[in-house]
Number of protein chains: 2
Amino acid sequence: MTTNKTVRLAQRPKGPVKPEDFDIREEDLADPGEGEIRVRNAFVSLDPAMRGWMNEGKSYVPPVGIGDVMRGFAAGQVEASRHPGFKEGDTVTGLLGVQNYAISDGKGVSLADTSLAPLQTWVGGLGMPGLTAYFGLLKVAEAKEGDTVVVSAASGAVGQVVGQIANIIGCRSVGIAGGPEKCDFIKSEFGFDAAVDYKAGNLFGDLKTACPDGIDVDFENVGGDIFDTVLAQMNPFGRIAVCGLISMYNATELPPGPKNLRNVLVMRLRMQGFIVFDFIKHNQEAMTALGGWYKDGKLKFKEDIRDGGVEAFPAVLSELYTGGNFGKLILKL
Amino acid sequence: MTTNKTVRLAQRPKGPVKPEDFDIREEDLADPGEGEIRVRNAFVSLDPAMRGWMNEGKSYVPPVGIGDVMRGFAAGQVEASRHPGFKEGDTVTGLLGVQNYAISDGKGVSLADTSLAPLQTWVGGLGMPGLTAYFGLLKVAEAKEGDTVVVSAASGAVGQVVGQIANIIGCRSVGIAGGPEKCDFIKSEFGFDAAVDYKAGNLFGDLKTACPDGIDVDFENVGGDIFDTVLAQMNPFGRIAVCGLISMYNATELPPGPKNLRNVLVMRLRMQGFIVFDFIKHNQEAMTALGGWYKDGKLKFKEDIRDGGVEAFPAVLSELYTGGNFGKLILKL
């Protein structure tokens with residue numbers, strides 16, 4: 001029998017996460033049953049969405065149950081397989097949890113080709129951020145060559161990939177970010193065609209300059225006034241993929257929606273909310289495309305990989321919400 | 001040479017339309033050229049959208065030019081054809097204008113089968129309202145059997161058809177209308193499964209009662225608080241066809257958008273604006289379906305047909321905006 005170390009949710013956090021919200025312990029792990037695999041996790045992705053998963057109540061995925069292993073997107077190696085789709089030694093990714101070992105029935109587990117990218121990158125840029133960018137831009141917004149694509153929170157883990165995929169498929173990529181440093185960074189590091197600093201005080205005019213032919217696709221991470229301004233400059237038949245609405249998350253009451261919603265009608269826009277899990281059956285397709293682009297040097301990511309194993313999870317996770325990380329936060333298990 | 005009587009736009013109306021905004025005159029009409037038809041118009045549809053078409057400025061269709069024949073959806077008979085798709089005696093509908101005769105290249109002109117419905121009904125319930133309801137419900141919102149479909153302005157020309165098509169395809173049809181009379185009417189006359197009176201002061205609760213399994217499809221004609229309340233009760237992967245936003249049309253400044261826009265993300269909703277002209281190439285398909293349902297007694301319309309010919313156009317049109325009509329307004333030419 002294998003000894004596993006797990007991070008289990010001990011209680012629902014109130015406000016910021018604290019160490020006592022988690023129960024980290026060693027436990028015995030049974031061998032995989034028929035149709036199952038055992039994965040030795042090597043890296044786990046730390047994502048802003050994790051905080052929401054710990055809350056009670058109706059949301060897009062069921063909350064992590066008290067006493068359950070904390071949900072997490074991890075990558076590792078198959079150590080034992082009784083599943084026809086996987087063999088010993090395969091490297092895989094999926095929602096394998098914050099733990100050293102996972103038993104899985106293979107649902108939502110994809111092969112991670114380490115000849116294309118190192119394993120940590122499969123939970124970094126090529127993990128949830130890459131998949132989210134891929135599905136949102138290509139499946140939801142249906143961006144195509146020649147489109148002007150705007151993405152908010154453009155220096156974030158998802159935003160930076162959106163801009164790069166936009167470039168790869170022949171779009172004009174325009175990122176909205178806060179401050180000149182982030183704006184310079186997304187242009188020099190990730191090749192955005194233009195960057196707009198929403199803190200500079202002239203968002204409407206600066207966006208207009210960055211998008212002289214209007215906006216065909218908006219990859220929306222922020223909501224609020226930024227979204228409203230983008231909405232005002234959308235072209236007819238434009239598409240809006242709503243991936244996040246950061247500006248609303250901390251509101252104590254629901255803020256008013258965008259004034260320019262009338263443009264949905266006048267410009268015949270399509271606005272669609274999505275989450276990465278909705279497209280789980282296309283994961284392997286997306287990973288093949290993303291991995292290929294990465295290998296060819298067309299995709300770059302800023303990753304921030306931490307040591308410490310599962311014990312370090314609570315402390316490292318906190319940094320996500322206090323701005324302690326720079327780049328996609330990954331914990332080495 | 002044929003003598004035609006036309007209604008031409010003399011000036012852009014300020015506020016409500018007045019007789020002097022139009023120039024009604026007799027003029028010579030040339031014979032149809034190669035690839036053209038001449039249609040003797042019999043009925044023209046009077047639609048709320050007409051007021052917008054007369055305004056200067058960027059909108060979903062170019063404004064009617066000063067001196068141009070007023071745009072209008074009309075039905076009539078082909079008197080002469082040099083077009084391979086039409087022959088003398090065919091009954092047709094299309095944007096043939098407010099005039100006794102139209103010369104057309106056949107673009108957007110569809111055959112109106114008078115064995116299914118009388119000609120006036122092809123500009124009445126089976127005209128723009130029927131097409132709008134058909135495209136919005138089936139092509140944009142992709143309503144399907146078992147869905148709960150909500151439509152606002154449900155007693156209006158479009159709304160009443162939306163509810164009936166919803167019933168035909170096996171949906172639960174819920175109409176939102178103002179006052180008990182309209183609510184009773186849409187249930188007894190058009191067979192809506194439920195009606196919600198937005199003036200009764202308990203919209204959220206009444207809608208909840210009418211939609212015990214939540215809302216899968218919203219056919220939105222109104223916007224504002226009504227839309228916001230519907231948005232709060234949408235089911236995951238719900239679809240919203242934005243057909244009109246009446247509540248905003250008279251606003252002097254843009255009103256705030258819906259507070260529940262966050263549900264677009266959480267519930268992964270798809271919201272899409274459309275106008276009937278976007279689907280013009282599917283007109284014949286829609287007319288075949290609508291005409292068949294009408295002939296089978298599954299579709300009913302409230303029509304209000306006026307005499308008076310083109311001269312009566314300005315006066316009859318005004319009634320649309322002063323509530324002088326009851327049912328779809330049609331002018332006999």
Colleague: Picking from A/Val242, A/Val61, A/Leu269, which has the most non-hydrogen pairs under 4.5 angstrom with chain B?
Modeller: A/Leu269

Colleague: Scan for salt bridge (Lys or Arg N to Asp or Glu O under 4.0 Å) pairs involving residues 130-143 of chain A, sequence neighbours excluded, and state none if there are none.
Modeller: A/Lys139-A/Glu285, A/Glu142-A/Arg270

Colleague: Which atoms of B/Ile275 are under 4.5 Å from chain A, going by heavy atoms: the side chain, the backbone, both sets, or neither?
Modeller: both

Colleague: Shortest non-hydrogen contact from A/Leu261 to B/Leu245?
Modeller: O-CD1, 4.3 Å

Colleague: Just jot down the side chain to side chain donor-acceptor pair (under 3.5 Å) partners of B/Asp216, sequence neighbours excluded, or say none.
Modeller: B/Asn235

Colleague: Does CG belonging to B/Asp21 count more than 12 external heavy atoms closer than 6.0 Å?
Modeller: yes

Colleague: Is A/Asp278 in contact with chain B via its backbone, its side chain, both, or neither, using a 4.5 Å heavy-atom distance?
Modeller: side chain

Colleague: Looking only at heavy atoms, what is the nearest atom pair of A/Leu265 and B/Phe274, with distance?
Modeller: CD1-O, 3.6 Å

